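So the structure is just underneath, and the comments pick up after that.
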Amino acid sequence: MIDPQLLRENPDIVRRSQESRGASVAVVEDAIEAETARRAAIAEYERLRAEQNAFGKQVAAAPKDQKAALVAQAQQLAAAVKSAQQVSTDADRRFTTTIRSVPNVVLDGVPPGGENDYVVLREVGERPTFDFEARDHLALAEGFDAIDMARGAKVSGARFYFLKGIGARLELALMNLGLDRALAAGFTPVIPPTLVKPEIMEGTGFLGEHADEIYYLQADDLYLVGTSEVPLAGLHADEILDVSAGPIRYAGWSTCYRREAGSYGKDTRGIIRVHQFNKLEMYVYTTADQAEAEHQRLLGWQEGMLQSLGLSYRVIDVAAGDLGTSAARKFDVEAWVPTQGAYRELTSTSNCTTFQARRLGIRHRGEDGTEPVATLNGTLATTRWLVAILETHQQEDGSVLIPEALRPYLGGLEVIRPGAAR
RNA sequence: GGAGACGUCGCAUAGUCCGGUCGAGUGCACCACCCUGCUAAGGUGGAGAGGGGUUUGACCCCUCCGUGGGUUCAAAUCCCACCGUCUCCGCCA
């Protein structure tokens, strides 16, 4: 939820943000109107309520013979209070609904436009080249019996898979590498719940435009999370945090579930786009004025991971129209996938400023009382990374060199050979 | 799944039977100051959250006793539902 004070005092900033997202400017006018109506309704209700409170005291203090007459009067007042309260509650609900439909205000410098209007900030590392026919990640993995798509489909349907043998070990190694690096950077490791209540899912901003993407368990009124960002944001809901000593940083490992509705026919081969995968996610609570610096740090840790794995990548500044509801700015790190001749997203880091925190009631004590904190998130590793690792480090005989950083997590294994791996 | 107990402003508690004096008392912790020859003890005062108004004054008002309803002129207190915690029983990968 955006700052109501900003809406009232600087609506132009909100309008410009909507324009750069290519989103509706009309909702800004709706929100302003709802805010004004809300305040008027509250003022009227509170005036009547104050009157009723004062009257109640008279009734309590009155001698017995006068009480009946006073109570008769008070009954009328009570009716007026009740209806004014109803008006006030309705106005408040309408305001909340309206303002929540406004996505976060984008930061200065974010490129305007849609999906293809990103700005490339840098390209890092040399793209691998091969003097043989490169195999794609699935062909390589099948040589090691590391990924089993057919049986995944048999058991669970399309876009499900088994990671087996070295495939399973490789993923665990990757996650452990990420966790150790996060630990060194001061993150607290967390394994969160992956089923969450509606208000938590709502609070993180995922029930808006991405509602179709989310698995929902009707019998229990719970949602399966598509990222541990959701439970990590909910972790401190309705709390006042002490961020005076610096940002509070969590590294959450979880399985992620995505319906991938509307992506029929896209990335159907292998594990690029699947319904279930694992992810190590960074999640940070800090003050609003430190958010942008922290965002750069998150990006730095992500790049450090890709570099340690010997991957070639680029960093893009995602355009306003392609930001999620909660994000004010987002950087993606995309790795080069040789057989696709393209960069594919491996990480994403968003600065949600105070948007999520305002919805979830997460505050800290500032100079003038409590203020919402800023929240940020960013990927540190996912199952998809296996695609880039396998393809980048493949050799002519179908074997794959294991990046040095991963070897300690695989008992020193240096190369995966077809047929021999387990 | 069944039975019972409980859920109060950081923590611990009083208050709930018999509705108005609870716009919530006390202890601990916390902050400021005082006293004290010093990381103790004592004293005084302060201090919660959300929202509205405003002559923008360190001022006024409204709301918050798990959540949501209800009864009432008036609810922490009465009624209903739900959520959570604990104990016991049952069942179970």
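The structure presented is a predicted model; accordingly, all values stated were derived computationally and were not measured. Here is the naming used below: chain letters follow the sequence lines, and residue numbers restart at 1 for every chain.
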Letter per nucleotide, 5' to 3', of nucleotides 46-62 of chain B [B base touched, S only sugar-phosphate touched, - untouched; heavy atoms, 4.0 Å]: --SSSBSS-------BB
Base paired to [N] (Watson-Crick or G-U; both N/O distances under 3.5 angstrom):
| N | answer |
| --- | --- |
| B:rG68 | B:rC80 |
| B:rU56 | none |
| B:rC33 | B:rG43 |

A:K82 side-chain N/O to B:rU71 phosphate OP1/OP2 under 4.0 Å: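 Yes, within the criterion.
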Residue-phosphate contact under 4.0 Å: A:Q52 side-chain N/O, B:rA74 OP1/OP2: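 For B:rA74, OP1/OP2 do have a side-chain N/O of A:Q52 under 4.0 Å.
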Nucleotide of B:rG69, B:rC73, B:rC83 approaching A:K197 most closely (side-chain heavy atoms):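 Closest nucleotide among those given: B:rC83.
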Atom-to-atom span, CD of A:E239 to P of B:rC11 - whole angstrom: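 Value for this atom pair: 11 Å.
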Between C1' of B:rG84 and CG of A:D220, the distance in whole Å: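 A:D220 atom CG is separated from B:rG84 atom C1' by 16 Å.
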Measuring only the [atom1] atom in each nucleotide, how far is [N] from [M]? A whole number of Å is fine.
| N | M | atom1 | answer |
| --- | --- | --- | --- |
| B:rA93 | B:rU85 | C1' | 26 Å |
| B:rA12 | B:rG7 | C1' | 14 Å |
| B:rG25 | B:rU77 | C1' | 16 Å |
| B:rU71 | B:rG15 | P | 30 Å |
| B:rA49 | B:rC38 | P | 36 Å |
| B:rC79 | B:rC17 | C1' | 15 Å |
| B:rG66 | B:rC9 | C1' | 14 Å |
| B:rC6 | B:rA14 | C1' | 16 Å |

Result block: side-chain N/O donor-acceptor pairs under 3.5 angstrom for residues 214-222 of chain A, not counting sequence neighbours:
residue : atom : partner : partner atom : Å
A:Y215  : OH   : A:H275  : ND1          : 3.3
A:Y216  : OH   : A:D221  : OD1          : 2.7

Qualifying salt bridge (charged side-chain N to carboxylate O under 4.0 Å, His left out) pairs, either residue in residues 149-165 of chain A, two or more places apart: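 Checked against salt bridge (charged side-chain N to carboxylate O under 4.0 Å, His left out) - neighbours excluded - the pairs reaching residues 149-165 of chain A are A:D145-A:K164, A:D148-A:R151, A:D148-A:K164.
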Set of residues satisfying side chain to side chain contact (heavy atoms under 4.5 Å, CB included) with respect to A:P193, sequence neighbours excluded: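 Listed in chain order: A:P231.
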Which residues share a salt bridge (charged side-chain N to carboxylate O under 4.0 Å, His left out) with A:R135, sequence neighbours left out: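 With neighbours one apart ignored, the set is empty.
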Pairing residues for A:R100 by the salt bridge (charged side-chain N to carboxylate O under 4.0 Å, His left out) criterion, not counting sequence neighbours: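 For A:R100 the salt bridge (charged side-chain N to carboxylate O under 4.0 Å, His left out) partners, ignoring immediate neighbours, are A:E202.
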Check: A:Y250 ring centroid to A:H236 ring centroid under 6.0 Å: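 Judged by ring-centre distance (under 6.0 Å), A:Y250 and A:H236 do meet the cut-off.
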A:E260 and A:K266 ion-paired at < 4.0 Å: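 Here A:E260 does not pair with A:K266 in a salt bridge, since their nearest N and O are not under 4.0 Å apart.
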